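A quick note: this is a predicted structure, and the numbers were derived from the prediction, not measured.
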Amino acid sequence: MATRITVDPVTRIEGHLRIDVEVEDGKVSNAWSSGQMWRGIEKILVGRDPRDAWVFTQRICGVCTTVHALTSVRAVENALNLEVPLNAQFVRNLIVAAQAIHDHIVHFYHLSALDWVDVVSALDADPKATAKLAESLSSWGGNGPHEMQAVKDKLAAFVSSGQLGPFANGYWGHPAMKLPPEVNLLAVAHYLQALEVQRYANKIVTILGGKTPHIQNLAVGGVTNSINLDSQSTLNMERLLAIKGWIDKLSDFVNNVYMVDVPAVGAFYLDWAGYGQGITDYLSVPDMPIDTKGTKFALPGGYITGGDLSTFKPIASYQDALFRDGVKESSKHSWYQGDAALHPWEGETEPQYTDFQDEGQYSWIKSPTFYGKPAQVGPLANVLCMAAAGHEPTARHLKTAMGTLSAVAGKEIPLAALHSTIGRHAARAVRTAVMLDNMNDQWNMLMENIGKGDTDTFNQPVFPKGEIRGFGFHEAPRGVLSHWVVINDGKIKNYQCVVPSTWNAGPRNESDAMGPYEASLIGNPVADPELPLEVLRTVHSFDPCIACAIHLVDTEQQEIVKVKAL
């Protein structure tokens, strides 16, 4: 008999996700991924001015804010065939790159590292030995013995006080934990240091976007940032140089800490290179436009089938029909009316709730497909597609990460190891390093363009009579995000968001094929059904953001949940 395990809610993520698995002989034999709230933004937007859509859509989530705002204005601009000034492209690119870097640092250190790091074990570590290990791996200034001793003392004070804060309720002592005490102490030190470092990315978003979360500077046609290098009330030299300084600080941490920690920790968990593979059809889109028409991108995208990089098909731009024509969403196993797979321009969002039905409807998340098949999106898909496209920075950072992993493991680790739970973490670190390289490029291009005397940041949109259609895409931190809009006489007629955590967290599709979360859990070990840490490891490796896939509106103003803080 299979043992049924329900994890509800999955914590250390954004939103409400329920995971059900059946375990036989210590391994997962079946799985269901269920979003537990309804997203109704699409219905809210019908009849509104398309220029306002980005303000609404970025409030789908309090984490993935800039990405929805950007993708929304791109969708409307695509429908209008509207060019965007170069300065606006560079400002937008800097914002979303900073947001992505912030997201990736927070995900590894503050949301998922505790699946692998036994914090209590760090109390048994020798700080000098920890520092010696750390200094052998990188030149990061926060790896000295005094820093490690201070972290151990702080951790001991937490434990003795009984106020463990973020370290409470962990799976300490779980048989799946493998790190020695010194590595655990190093990870805890970097956890605390990352709290400070991630602020630099948020400062960049705030300076350029006006605030964070929920930036204020976007507009259909560009951005509202005025550029005058000599004015204190605009985007000036002082602010631009501050941004460059924060980019450099982020680069130091990412290249000397994040890019070292992930493969170093991964070397102790090489068995997890054999778990969590799931769907190996990978989808990514090009991003960071470097022209006014959105035809040239700094970062490539495309589609890989069966995990074979030689099958790579590039998605060049918005003019490429490969992406536009391939996306559909099914509601067969979702709590919506209808079960046909529909293209987003014809998409429907009519709720129809039932109980949780293993063979029927069991999620508020739809099931996206790419030419009829599920696809995995996210940093792993992004890195593999960019590597297949011959993108030099990706190849360079990927070689560095795999080299560190092999060196710590003491043997050569093949690229195929990336198709796994631990591989998704490695790919996210590589993507972060690539994004930082690109941030430097975007900053330099912005400065060069301003130096030519160009200070334009906005082109006025004009809406025609009749119906037009457009779509916008963005390679968001969790993967492919696309918004699809139908505009009639200057008003929104239909609007659909197909988001990364919908691609990955979706239930079975119209062909009853599992979604990526579900497929990745099959074969996962579970040592103790009462403490299903291994299930969380694989699910967390995707960095779920279920608020983007679902949303809740209570028209009767009833109490949804009560939380008591002690």
Side-chain angles (χ1 to χ4, degrees), residues 4-10 13-22 30-46 56-57 59-61 64 68 327-369 372 374-375 377 478 481-484 494-519 521 539 542 544-561:
R4 179 74 170 244
I5 300 172
T6 300
V7 183
D8 182 20
V10 174
I13 68 170
E14 173 66 23
H16 288 219
L17 173 66
R18 166 180 169 175
I19 295 290
D20 287 69
V21 296
E22 290 181 348
N30 207 347
W32 296 263
S33 170
S34 175
Q36 291 290 293
M37 297 189 298
W38 173 49
R39 186 188 73 207
I41 287 289
E42 293 91 344
K43 298 185 72 65
I44 293 172
L45 288 174
V46 172
F56 288 86
T57 59
R59 284 163 174 80
I60 285 174
C61 178
C64 310
H68 286 291
V327 179
K328 289 187 176 180
E329 283 189 306
S330 166
S331 298
K332 180 179 179 181
H333 291 280
S334 307
W335 289 312
Y336 299 100
Q337 296 177 18
D339 57 11
L342 300 176
H343 188 278
W345 279 328
E346 281 76 45
E348 299 174 352
T349 314
E350 298 296 335
Q352 179 178 277
Y353 181 75
T354 69
D355 291 332
F356 191 107
Q357 302 169 337
D358 286 2
E359 304 300 323
Q361 296 173 305
Y362 60 89
S363 178
W364 281 115
I365 303 175
K366 296 181 183 179
S367 301
T369 56
V377 304
R478 293 161 183 84
L481 170 65
S482 58
H483 285 211
W484 306 75
N494 194 11
Y495 201 103
Q496 294 292 319
C497 308
V498 186
V499 309
S501 289
T502 307
W503 282 100
N504 287 334
R508 289 154 174 79
N509 62 24
E510 70 276 8
S511 301
D512 297 327
M514 285 184 167
Y517 284 10
E518 297 172 335
L521 287 167
V539 172
F542 289 91
C545 190
I546 306 305
C548 292
I550 51 183
H551 230 289
L552 179 68
V553 175
D554 180 8
T555 58
E556 302 300 324
Q557 298 182 341
Q558 298 297 308
E559 183 178 89
I560 306 301
V561 64

L521 side chain near I19 side chain, heavy-atom distance below 4.5 Å: yes

Can you confirm whether L17 sits close enough to P9 that some side-chain heavy atom of one is under 4.5 Å from a side-chain heavy atom of the other? no

Verify the neighbour count for atom NZ of K332: are there more than 12 heavy atoms of other residues, nucleotides or ligands below 6.0 Å? yes

With no hydrogens and no angle check, just 3.5 Å: does a side-chain donor-acceptor pair link Q36 and S34? yes

From CG (D8) to CD1 (I5), nearest 0.5 Å: 14.0 Å

Does any N or O in the side chain of S501 come within less than 3.5 Å of the main-chain N or O of I546, such that one atom is a donor and the other an acceptor? no

Can you check whether S367 reaches P374 side chain to side chain, under 4.5 Å on heavy atoms? no

CD of E329 to OG1 of T349: how many Å apart, nearest 0.5 Å? 7.5 Å

P516 and A375 have their tightest heavy-atom pair at CG-O, 3.5 Å

Are any side-chain N or O atoms of N504 and backbone N or O atoms of V377, one a donor and one an acceptor, separated by less than 3.5 Å? yes

Between R59 and I41, is any pair of side-chain heavy atoms under 4.5 Å apart? no

Nearest non-hydrogen partners of G347 and N494, listed with the distance: O-ND2, 3.1 Å

Classify the ring geometry of Y517 against F542: parallel below 30°, tilted from 30° to 60°, perpendicular beyond 60°. tilted

For the residue pair W503 and V498, establish whether any side-chain heavy-atom pair is separated by less than 4.5 Å. yes

Can you name the one residue among H333, R508, Q357, R18 that meets side-chain hydrogen bond (donor to acceptor under 3.5 Å, both in side chains) with Y362? R508

Nearest 0.5 Å please: distance from the NE2 atom of H68 over to the CZ atom of F56. 15.5 Å

Look at the aromatic rings of W335 and Y353 and report parallel, tilted or perpendicular, splitting at 30° and 60°. tilted

So, Y336 side chain and W364 main chain: donor-acceptor pair closer than 3.5 Å or not? yes

Non-hydrogen side-chain atoms of P344 and S482 separated by less than 4.5 Å: no

Quick one: CE on M514 to CH2 on W32, what's the gap to the nearest 0.5 Å? 7.0 Å

Just by distance, do the side chain of S363 and the backbone of G35 share a donor-acceptor pair under 3.5 Å? yes

Does any non-hydrogen side-chain atom of C497 lie less than 4.5 Å from one of I60? yes

Counting distance only, does the side-chain N/O of D20 pair as donor-acceptor with the main-chain N or O of R4 below 3.5 Å? no

dist S334:OG -> Q361:CD (nearest 0.5 Å) comes out at 7.5 Å

Q496 side chain to W484 backbone, donor-acceptor under 3.5 Å: no

Between the CD atom in E42 and the NE2 atom in H483, the distance rounded to the nearest 0.5 Å is 8.5 Å

